[in-house]
There are 2 protein chains.
Amino acid sequence: MKKKVSLKDIAKKVGVSTATVSYVLSKGEESRVSLKVAEKVKKAARELNYRPNQIAKSLKSGKTFTIGLIVADISNPFFAHIARIVEDEAKKLDYTVLFGSCDEKADKSWDLVQFLSNRQVDGFIIAAAEGSEKQIEYLKTNNIPFVLIDRYFPEIESNYVVINNYKAAYKATRRLIQTGNSRIGIIAYASSLHHMRERIRGYKNAMEDGNLEIKEDWVNEIRFSNIKQEVKLAIDNMLLSKNKVDAILFATNTLAVYGLKYIDELNYKIPEDIAIISFDEGEAFDFYYCPLTYVKQPLKGFGENAVKILTDQISDPALKKEQVCLEAELIIRKSCKRG
Amino acid sequence: MKKKVSLKDIAKKVGVSTATVSYVLSKGEESRVSLKVAEKVKKAARELNYRPNQIAKSLKSGKTFTIGLIVADISNPFFAHIARIVEDEAKKLDYTVLFGSCDEKADKSWDLVQFLSNRQVDGFIIAAAEGSEKQIEYLKTNNIPFVLIDRYFPEIESNYVVINNYKAAYKATRRLIQTGNSRIGIIAYASSLHHMRERIRGYKNAMEDGNLEIKEDWVNEIRFSNIKQEVKLAIDNMLLSKNKVDAILFATNTLAVYGLKYIDELNYKIPEDIAIISFDEGEAFDFYYCPLTYVKQPLKGFGENAVKILTDQISDPALKKEQVCLEAELIIRKSCKRG
DNA sequence: TTCTTCATGTTAATCGATTAAAAAAATAAA
DNA sequence: TTTATTTTTTTAATCGATTAACATGAAGAA
């Protein structure tokens, strides 16, 4: 293994101390080094193809210019897109991104927090898993900067970037009502996470405001551990029971994908037999025989704001915590137009 | 900012030297420390919630347990899936993953190699961009371990994990022929990258072996810079000219997505008007009104092999370079069944 | 009693870069 | 020429953990 070139090598070559080399290379113009020596050092650095060892720098400075990104699953397009945006924004500020997928599990998330903390990341961007409150508190008490995205805990004061999930769900449901549906069900996750509760609340309130009754079996909460089966069951309960729905609101991309596949299997037609709206985008939604109306989340806004807030906070931990609530957009297509 | 707990703090608390603490905490059983002291140290470490500073470890050991993953775009599901697999495999071996997207551009890729090298990643997993040969040579001459995935350079001896693209394209084309198509076009990237050349070669040879002529306009090479427009143009040339095709082979997921959208716009029906096969999977392909026949690449195989080979190579740089060529599977559905 | 041997701890160097403080050299002032 | 001042360069400590080499003390052997 060819040893890397260090300050010492340059120093030896030029015949000065490593301190001098360091001053030339890191302090630029306002260095206290004579022009002649400075030139020689720069030349030597070029010739030896010197690359500063970021690890050594980090040890000295206590700063790694590294962000830890914790999401449920990096292969989920929702998070993959956010990751890309975070990457780009971070790069602009000379940060790199370490990522980890926690599969919506608090213990995995905790592992990742530890794992990445040991690697001295300067801060975290986290799409929090259910039950991860203690981790968040841990970060707070240890003064490790972090920004929550997509989900947050109302009872914990922190930086976060989210959307108004209540409003988004409300609008989606109202749209279903306005397009002639009155028997509307929802498929969401069985999660205490605030964003999920808000989506369900938005749906319920929209129904109420439309003077529509919500029958038993219409509010379905699916567990992460068994999505496919439980989605089927939920749809069976909504389509094959006496309380048959005429529209379904899916609370996430993943739920919609499973749901639509099963609805296709059952040979129900959208929007004639059932109207559909889903949260999140997806190539699949464009390609579906009936392009889906969906709630478009501002992924760019998530990523950009999160990186901005986090890096500001890293530079100055005394800054006030920032809360950003963005608006989601309802992209209207054909899946809820009836009659 | 609450200062982190270091060996020194434990040493002070227990009243021993940092060396002793280090021996207890890092050498486990075969430490030369008395049981009594060892217990006290462990207790103190627990009480102070000591977390070793990975950066300091890295500086001393020259090893960061970090892998740099360079792909075209982490938000592309193909790469996002690979990233997830790489993450999981890496984690098992206590490695973390730093990722970067190069957008198929050699200069961006070079930036990333530098950027991540400065951060002392132990090695790279790279889906190489066109024209990145020099970077690969750079890594070789600097003895930085790396594994190429998805694409490789036949003229450069290196580790790689790829599929037999020639065979995959050949089989796909032959399938189109066998299902009654004879006027078959291909949409691929205008790239000198070997995997792309092989896909085109596979197509051509299959046509030849089927005694089928390849007309002008049937081999379309699209530039990354202008995918959408050029795909349209290619399809215009293949569907609206006198040399109308009856089938199209898409060389990647992305090309197929743009292509199918335009084909829908033109109101051509699949498979009645045109038969289709694409490389790569995609939720979209499942949801298309006519589920797509596609070439399924072994993403798991890419990720698992790459991490295995890379980490082996990191542990023992003298190891012989490994080349893995996996088989792709043709998933047969409805998009190429005609008549 | 004296010399080994072994168990247990400590000292100090190291990884590579930074930086305060000291030292040396060059220049200006007296 | 001598002293004061400024410029340039070096020394050495530091970040946190590791580890070779050395030190200490006690038990066992002769």
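Naming convention: chains lettered A, B, ... in sequence-line order (proteins, then strands); numbering from 1 in each chain.
Both tests hold for A:Arg119 against A:Phe115: distance to the six-membered ring centre under 6.0 Å, angle to the ring axis within 45°.
For the pair B:Lys40 NZ and C:dG9 P, the interatomic distance rounds to 9 Å; values are reported in whole Å. Following rounding to the nearest Å, B:Lys12 (NZ) and D:dG16 (P) show an atom-to-atom distance of 11 Å. Distance, A:Leu7 CG to C:dT18 C1': 9 Å, rounded to whole Å. Across the protein-nucleic acid pair, A:Gln120 atom CD and D:dA17 atom C1' stand 12 Å apart, rounded to whole Å. We find that NZ of B:Lys4 is positioned 17 Å from C1' of D:dT14, with the value rounded to whole Å. Note: CZ (A:Arg119) to C1' (D:dA17) measures 15 Å, nearest angstrom. When rounded to the nearest whole Å, the span between CG of A:Leu25 and P of C:dA17 equals 9 Å. The distance between atom CG of B:Leu35 and atom P of C:dG9, rounded to the nearest whole Å, is 10 Å.
Using a 4.0 Å cut-off between a side-chain N of Lys or Arg and a carboxylate O of Asp or Glu, A:Arg84 and A:Glu87 qualify as a salt bridge. With respect to A:Asp88 and A:Lys92, no salt bridge is recorded, no charged nitrogen being found less than 4.0 Å from a carboxylate O. The pair A:Glu322-A:Lys308 does not count as a salt bridge, with every side-chain nitrogen at least 4.0 angstrom from each carboxylate oxygen.
Using a 4.0 Å cut-off, no side-chain N or O of B:Ser17 falls inside it from OP1 or OP2 of C:dT11. Not one side-chain nitrogen or oxygen of A:Ser6 sits closer than 4.0 Å to the OP1 or OP2 atom of C:dG16. Dashed line: the shortest gap from a side-chain N or O of B:Ser34 to OP1 or OP2 of C:dG9 is under 4.0 Å.
Within the model, atoms CD1 of A:Ile10 and NZ of A:Lys40 stand 14.0 Å from one another, a figure rounded to the nearest 0.5 Å. B:Leu69 contributes atom CG, which lies 8.0 Å from atom CD1 of B:Ile82 (distance to the nearest 0.5 angstrom).
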Could I get a table of every N or O pair under 3.5 Å where one atom is in the protein and the other is in nucleotides 19-23 of chain D?
from   : atom 1 : to      : atom 2 : distance (Å)
D:dT19 : OP2    : B:Lys27 : NZ     : 2.6
D:dA20 : N7     : B:Tyr23 : OH     : 3.4
D:dA20 : N6     : B:Tyr23 : OH     : 3.4
D:dA21 : N6     : B:Arg32 : NH2    : 3.1

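Sparse packing is recorded around NZ of A:Lys12, with 12 or fewer heavy atoms of other residues, nucleotides or ligands lying under 6.0 Å away.
Under the 30°/60° scheme for interplanar angles, the aromatic rings of B:Tyr95 and B:Phe65 are found to be tilted.
In this model, no donor atom of one side chain and acceptor atom of the other lie less than 3.5 Å apart for A:Thr64 and A:Gln120.
Across all strands, B:Val21 comes closer than 4.0 Å to no nucleic acid atom at all (heavy-atom distances).
For DNA chain D, no neighbouring residue in residues 45-57 of chain A is found when judged by any heavy atom under 4.0 Å.
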